[in-house]
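Here is how names work: the chains are called A, B, and so on, in the same order as the sequence lines, proteins then strands, and each is numbered from 1.
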There are 2 protein chains.
Amino acid sequence: MAENYNSNVLDLNLGGGNNNGGSQGQVGQSLRPRCPAPFLLKTYDLLEEGGVADGGGGGKIVSWNGDGSGFVVWSPAEFCELTLPRYFKHNNFSSFIRQLNTYGFKKISSKRWEFKHEKFQRGCRDMLVEITRKKCEPSVFPSYLKSSSEENATTSNSMEENNNNSHQLLMEENMNLKKERLELQMQIAEFKSLEMKLLECLSQVMDNHQNKSRRQC
Amino acid sequence: MAENYNSNVLDLNLGGGNNNGGSQGQVGQSLRPRCPAPFLLKTYDLLEEGGVADGGGGGKIVSWNGDGSGFVVWSPAEFCELTLPRYFKHNNFSSFIRQLNTYGFKKISSKRWEFKHEKFQRGCRDMLVEITRKKCEPSVFPSYLKSSSEENATTSNSMEENNNNSHQLLMEENMNLKKERLELQMQIAEFKSLEMKLLECLSQVMDNHQNKSRRQC
DNA sequence: GGGAATATTCCC
DNA sequence: GGGAATATTCCC
């Protein structure tokens, strides 16, 4: 039994905020949260417990796959009805899938509901801390931000009434630019910290190398 | 009875996304959502129903205030235990309060849990659509950003002639921001190339190291 | 799959 | 009270 999660889908205090990182730019791979996201812990524990052992019919509802490198939802219907509500505040398969995607899991079979994540493996609960939510890292900016940089031409026709409007637009663009600037500055901060770490690493490796060479003389 | 919301706190499909506005920049008050936020509807309906009529002891749990201009949670404990879970996915008073604040309600008594919102009144369910989530409209930027955005605040007194002037200033600031952006982007490009070189260097050193070790065996 | 809105939680 | 992270939902 695992009534430790949601008794009645209430009394739960694991849900939202995670004391991860606070307000620190949080560099891609560098800073590591202290504890895994609640979603990951719940999903892991749910597997350790077999979802709910069995759905009454004797068949498994959900389990690790053969080599523990992923997991399979054998019975989506029972999974939704019996398993999900005991761990989460819903019983929708799609919400569960949405979370899997958010954390970078991949569906690896078209024939059954099997999912994998490099850092989500049987016996490796400690590794969960390595899994982070996908953030929009590569092209940092929301789609609506991209436009503003190129189309400020404002094909103004009716100048009169266009005044207020264009002012509004300018203000908006301005705001977006500032937001963008902040994001760029944060990226730069991250690069700086990354560079520092790389240099440190390099110097350690070289030190290490030298020491060994010396010892062998 | 109002088991129409959360039977077992599940089966609920009203929760999250609201088909309001789509992806349209959504300027302050202009675009009006077609339907009120789920939170507002639930809170309104919960009042129409008296929370759960009474808590068994005969006393009201929650109700409109005298003139219907606000509402009072008479018994927070019962409200959490009995009312909240029937309408929401939780039983935490603080989460309920957080939502009230998000939608701009005000606590109007230090002696009891009474809340008001101009557009939240008994008999005016249609008015709920006017209530919007507080977004970070006024000072969009995190505190540490404010500096630059306010330096040009132009404490506008003489509105008339200030129009053109502020427009001019905005354009200028805009231009500067774009220039700045370009510079930041170039810095980032450099960092990327630097990172690449460092990583390459590191890998060479390590290769080198390995080879030597091997040779010395 | 993933963007984006709302909901819930945690923390100041 | 409100900022910000995670969760849940809706929609493309």
Side-chain angles (χ1 to χ4, degrees), chain A residues 6 9-26 33-43 80 84-85 87-107 115 131-136 138-139 141-146, chain B residues 6 9-26 31 33-43 80 84-85 87-107 115 131-145:
Chain A
N6 291 3
V9 190
L10 294 177
D11 306 328
L12 175 60
N13 236 358
L14 295 165
N18 204 357
N19 57 342
N20 294 346
S23 52
Q24 316 184 10
Q26 189 98 359
R34 283 168 227 125
C35 65
F39 170 76
L40 300 169
L41 288 174
K42 292 183 192 178
T43 303
C80 292
L84 285 180
Y87 290 84
F88 306 99
K89 286 173 181 288
H90 65 84
N91 60 355
N92 305 305
F93 200 50
S94 58
S95 293
F96 181 69
I97 303 294
R98 185 73 196 81
Q99 284 282 69
L100 290 177
N101 286 326
T102 295
Y103 284 96
F105 284 74
K106 295 295 175 199
K107 188 166 186 288
F115 300 91
I131 304 177
T132 57
R133 290 168 77 89
K134 277 195 225 168
K135 288 171 190 172
C136 29
S139 70
F141 308 103
S143 49
Y144 60 89
L145 245 184
K146 284 183 193 158
Chain B
N6 291 2
V9 189
L10 294 176
D11 307 326
L12 174 60
N13 237 358
L14 294 165
N18 203 356
N19 56 342
N20 294 345
S23 53
Q24 314 184 12
Q26 188 99 358
L31 295 181
R34 286 168 225 122
C35 64
F39 170 75
L40 300 169
L41 289 173
K42 292 182 192 179
T43 303
C80 292
L84 285 181
Y87 290 85
F88 305 99
K89 287 173 181 287
H90 66 84
N91 59 356
N92 306 306
F93 200 51
S94 58
S95 293
F96 180 69
I97 303 296
R98 185 73 196 83
Q99 284 281 71
L100 289 178
N101 286 326
T102 295
Y103 284 96
F105 284 74
K106 295 294 175 199
K107 188 166 185 289
F115 299 91
I131 304 177
T132 57
R133 287 168 79 89
K134 277 195 224 167
K135 287 172 190 172
C136 30
E137 290 170 63
S139 70
V140 175
F141 308 104
S143 49
Y144 53 93
L145 240 187

What residues, two or more places apart in sequence or in another chain, satisfy side chain to side chain donor-acceptor pair (under 3.5 Å) together with B:S95? none

Closest approach to the side chain of B:K107, judged atom by atom: which nucleotide of D:dG1, C:dG1, C:dT9 is it? D:dG1

Whole angstroms only, please: what is the CD1-P distance between B:I97 and C:dA7? 15 Å

Could one point to a donor on the side chain of B:R98 or the base of D:dG1 with an acceptor on the other under 3.5 Å away? no

Whole-Å distance, A:L41 CG to D:dA5 P, equals 19 Å

Taking atom types as modelled, is there a side-chain donor on A:R98 or A:S94 under 3.5 Å from an acceptor on the other? no

Counting only side-chain nitrogens and oxygens, does B:K106 get under 4.0 Å of the OP1 or OP2 atom of D:dG1? no

Would you say a side-chain N or O of A:N92 is under 4.0 Å from OP1 or OP2 of D:dT9? yes

N or O in side chain of B:K89 less than 4.0 angstrom from D:dT8 OP1/OP2: no

Mind checking if B:F96 touches a base, just sugar-phosphate, or nothing, with heavy atoms under 4.0 Å? nothing

Does OP1 or OP2 of D:dT9 have a side-chain N or O of A:H90 closer than 4.0 Å? yes

Taken to the nearest 0.5 Å, the spacing of A:Y87 OH from A:F39 CZ works out to 13.0 Å

Just the rounded figure in Å: distance from C1' of D:dT9 to CZ of B:F39. 17 Å

Candidate nucleotides D:dA7, D:dG2, D:dT8, ranked by approach to the side chain of B:N101 - the nearest: D:dG2

Rounded distance in Å - CZ (A:F93) to P (C:dG1): 12 Å

Can you tell me how far the CG atom of B:N92 sits from the CD1 atom of B:I97, to the nearest 0.5 Å? 11.0 Å

Does A:R133 make a side-chain N or O approach to OP1 or OP2 of D:dA5 shorter than 4.0 Å? no

Between C1' on D:dT6 and CG on A:L40, what's the gap in Å once rounded to a whole number? 11 Å

Select base, sugar-phosphate, or nothing to describe what B:F105 touches, counting heavy atoms under 4.0 Å on all strands. nothing

To the nearest Å, give me how far apart CZ (B:F88) and P (C:dT9) are. 12 Å

Could you state the CD-C1' distance from A:Q99 to C:dG2, rounded to the nearest angstrom? 13 Å

Distance check: side-chain N/O of B:Y103 vs OP1/OP2 of C:dT6, anything under 4.0 Å? no

A:F105: ring pair (Phe, Tyr, Trp, His ring centres under 6.0 Å) partners, not counting sequence neighbours: A:H117, A:F120

Between P on D:dT8 and CG on A:L100, what's the gap in Å once rounded to a whole number? 12 Å

